[in-house]
There are 2 protein chains.
Amino acid sequence: MKKSAPTIRDVAAAAQVSTATVSKFINGAQRFSPKVEAAIESAIAGLGYKSNPLAKSMITGRTNTIGLSVLDITNPHFSSILKGANRVAHDQGFSVLLVDTEETPSRERRTLEELSRRVDGMIVFSRMREHEMAWMADIDKPLVFFGTLAKLPLPTVASDDHAGAYMLAQHLRMLGHRRIAYLGFSKSRRDEERLGGIRESLNAAGLELAIFDAEAPSLAEGERLCSAIVLGGQRPDALICYNDLMALGFMKEASNLGISIPQDISVVGFDNIPYGKYTTPALTTVDLQSERMGATAMEKLLAVIRGEHVEKLTKVAPQLILRASTIARRP
Amino acid sequence: MKKSAPTIRDVAAAAQVSTATVSKFINGAQRFSPKVEAAIESAIAGLGYKSNPLAKSMITGRTNTIGLSVLDITNPHFSSILKGANRVAHDQGFSVLLVDTEETPSRERRTLEELSRRVDGMIVFSRMREHEMAWMADIDKPLVFFGTLAKLPLPTVASDDHAGAYMLAQHLRMLGHRRIAYLGFSKSRRDEERLGGIRESLNAAGLELAIFDAEAPSLAEGERLCSAIVLGGQRPDALICYNDLMALGFMKEASNLGISIPQDISVVGFDNIPYGKYTTPALTTVDLQSERMGATAMEKLLAVIRGEHVEKLTKVAPQLILRASTIARRP
DNA sequence: CTGTTAGCGCATTCAT
DNA sequence: ATGAATGCGCTAACAG
């Protein structure tokens, strides 16, 4: 009984008008005589007609879909970005096609090149260095990139990681910390910015910085590296973690090792994921405004798609979230 | 300089063959003489030809895209489901078009009906009751639903919430708890199953169950309802939360109120989100296998799309995750 | 206001 | 093994 879905031609026939008229009516491109409008409407209702978006897309070249590529969707930083981006997209009639690269850059290029044919634009979060990204500029679709780009002429949205890290380090210094360590993640493009911010603060005071490097920005890596940090040689009196996940992992393992936070060591992170508030003690962190960044990136991309002019770089100001309990005052 | 992307016709012309030949070659439908194959290959390489997936989709009716609808992508339960589903999809050459309904059921139907035209199949997580879902069966695309369905002839993937809740309650009883409370979320379809599992255990011992109901399955609601639970009348000696988020929120606020966990009240949750392990004390919970459920649903859907026969219901067994520290032994 | 015409880029008969 | 012809469902000029 189920014949193939009714087409615009069926509607045209039933309403005794041309397909062009139906098409224009559907797209609200024009008003028609009440007679015609009524006829079309009842034909559509009668047949249960629904426009075929694929056929439409092929002609218009617009899919009303945006590709969003992130590194790990289970990381709250990225799910918040997705949340913000998706909300804006939805409000403007767009859908989000998700790509989770799972920290595997090898297939990134092919995936994105393929993706670019199915969407009106893309938002990309990548670990690639700028010199590996030249091909992105050749993709024939609007693209917004997360992070700063020195030369590539791509619009970007970035948090000010340098400033955030500087604030964190300054705050620790003010409270008397002197032996500060950084548990970083050098594979990330933002790692160096955070490192730079920390260094700027510490250098001014002539303080050394001990650096540890994680293989992944994860809870598990925070746990794994904890013992080396707190039991290996002179223990730092404060640890800045690349992100909150690592900070949470570190805190858990520190507790297992009998190390008290913040009495034995202060801990801070980045991202302000919701869960940092629910540990004991609650985690001091830098809010990078993940959801807002996602929304901003999507707004920017949709503006480009509409042909509007946009700034090359949109910088989102970070906010220090003081939950004093992971930080002690040092005498 | 940028002419519109090369089409199959350009390739055919350059290789001196027909478009049909190029089409068949690209899709590996057939072998051709070495001469022809070489000519086509070099034409493709020379022009940088890429098949237009939209045009292809319009003809074949297949988009290689799967729609996934979840309630809140920032909830780790759902981001894990997405992770699992996305991985399977990616491995089989499919992309995931995400819908985050943000717990707003009103637009769900329209959104999904529209989505159905752009994808080869859908996986849906919804708060709708079965009687509101009849229209889903009419959607002309394969669909897999999360949860159990009594009558609707839709393939489903479900966790055994009743069993999980029963285990939880039994465990609490074994450890001597008598005044057990449930912090539920009655808007959810699974709430009643969990309630049923708890009741089955408690009824056997003739124990009462105090019930509290949240407006949302969130951290904030766990916090909000905490005081009513621990300070309102006779305090329960154990609280089963609808999910881990609520449990985490509850634990935080309990601590603010000076209530010790588990000395004053034991707390358990559902989902086994990663962050439950990093609170103090660590949270005992029921692992519903979110990622596996996502993967299973996607496998099932792709099987349906391939025309294979699948079971109506795939049940995933839950696992009790004992992190004894949120549970005390009661004398 | 409404209709006619002409494809979009591709896969698919059905010839040869 | 290869090609000519046809049309998927729709929109975009251009006519009238």
Side-chain angles (χ1 to χ4, degrees), chain A residues 2-44 47-65 114 116-120 140-141, chain B residues 2-44 47-65 114 116-120 140-141:
Chain A
K2 166 85 70 34
K3 42 205 60 147
S4 51
T7 77
I8 200 173
R9 254 187 288 269
D10 300 325
V11 175
Q16 315 249 49
V17 297
S18 78
T19 59
T21 301
V22 177
S23 171
K24 287 169 193 155
F25 175 78
I26 290 172
N27 295 314
Q30 227 178 264
R31 304 283 313 177
F32 297 87
S33 65
K35 238 191 211 147
V36 172
E37 300 206 343
I40 296 180
E41 264 171 357
S42 83
I44 288 179
L47 296 170
Y49 168 78
K50 300 270 174 49
S51 150
N52 179 333
L54 261 54
K56 177 170 183 166
S57 290
M58 186 174 60
I59 294 187
T60 60
R62 315 199 59 245
T63 60
N64 278 3
T65 304
E114 284 183 20
S116 74
R117 309 271 313 201
R118 319 188 115 284
V119 299
D120 293 342
D140 198 21
K141 285 285 168 56
Chain B
K2 166 87 68 39
K3 41 204 64 144
S4 50
T7 77
I8 200 172
R9 255 187 289 269
D10 301 324
V11 175
Q16 315 248 48
V17 297
S18 76
T19 59
T21 303
V22 177
S23 171
K24 287 168 193 155
F25 175 77
I26 290 172
N27 295 314
Q30 220 179 272
R31 302 286 311 179
F32 296 87
S33 63
K35 238 191 212 145
V36 172
E37 301 207 341
I40 296 179
E41 264 171 358
S42 83
I44 288 178
L47 296 170
Y49 168 78
K50 301 269 175 50
S51 151
N52 180 331
L54 262 54
K56 178 168 183 166
S57 290
M58 186 176 57
I59 295 188
T60 60
R62 313 199 59 244
T63 60
N64 277 6
T65 303
E114 284 182 21
S116 73
R117 310 270 316 204
R118 319 188 114 284
V119 299
D120 294 341
D140 199 23
K141 285 284 167 59

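Bear in mind that the values here come from a model prediction, so they are computed numbers and not experimental data. Proteins get letters first, then strands, A, B, ... in listed order; numbering begins at 1 in each.
For D:dG9, its base never sits under 3.5 Å from the side chain of A:K50 at any donor and acceptor pair.
Taking 4.0 angstrom as the limit, B:T7 places none of its side-chain polar atoms (N or O) nearer than this to OP1 or OP2 of C:dG9. Side-chain nitrogen and oxygen atoms of A:R62 include none within less than 4.0 Å of the OP1 or OP2 phosphate oxygen of D:dT11. For the pair B:T19 and D:dA4, the criterion of a side-chain N or O lying under 4.0 Å from OP1 or OP2 is not met. Under 4.0 angstrom from either OP1 or OP2 of D:dC8 there lies no side-chain N or O belonging to A:N52. Remark: A:S23 is in phosphate contact with D:dT11, judged by side-chain N or O atoms under 4.0 Å from OP1 or OP2. Contact annotation: B:T21 side-chain N/O to D:dG3 OP1/OP2 distance is under 4.0 Å.
Using a 4.0 Å heavy-atom criterion, one finds that B:S57 contacts no nucleic acid atom at all.
If you measure from atom CG of A:L54 to atom C1' of D:dC10, you get 11 Å, rounded to the nearest angstrom. As rounded to whole Å, 9 Å separates atom P of C:dC1 from atom CZ of A:R31. Rounded to an integer number of Å, the gap from B:K56 NZ to C:dC10 C1' is 9 Å. Atom CZ in B:F25 sits about 14 Å away from atom P in D:dA1, given to the nearest Å. Rounded to whole Å, atom C1' of C:dC10 lies 13 Å from atom CG of B:D10. Going from atom NZ of A:K35 over to atom C1' of C:dG3 covers 17 Å, rounded to whole Å. If you measure from atom CD1 of A:I40 to atom P of D:dC10, you get 13 Å, rounded to the nearest angstrom.
Looking at A:R118, its side chain never comes within 3.5 Å of a backbone N or O of A:T65 through a donor-acceptor pair. A distance-only check finds no donor-acceptor pair linking the side chain of B:T19 to the backbone of B:R9 [under 3.5 Å].
Two residues are said to be in side-chain contact when any heavy atoms from C-beta on lie closer than 4.5 Å; A:N64 and A:D120 meet this criterion.
Judged as a side chain to side chain contact (heavy atoms under 4.5 Å, CB included), and not counting sequence neighbours, the contacts of B:A55 are A:M58, B:N52.
A salt bridge is absent between B:K50 and A:E114; no separation between the charged side-chain nitrogens and carboxylate oxygens falls under 4.0 Å.
Nearer the 5' end of DNA chain D, as judged by each residue's closest nucleotide, is the contact made by B:K24, out of B:K24 and B:M58. The nearest heavy atom of DNA chain C to A:F32 and to B:A20 marks one nucleotide each, and the one closer to the 5' end goes with A:F32.
Candidate nucleotides D:dG3, C:dT12, C:dC1 were compared by shortest atom distance to the side chain of A:S33, and C:dC1 ranks first.
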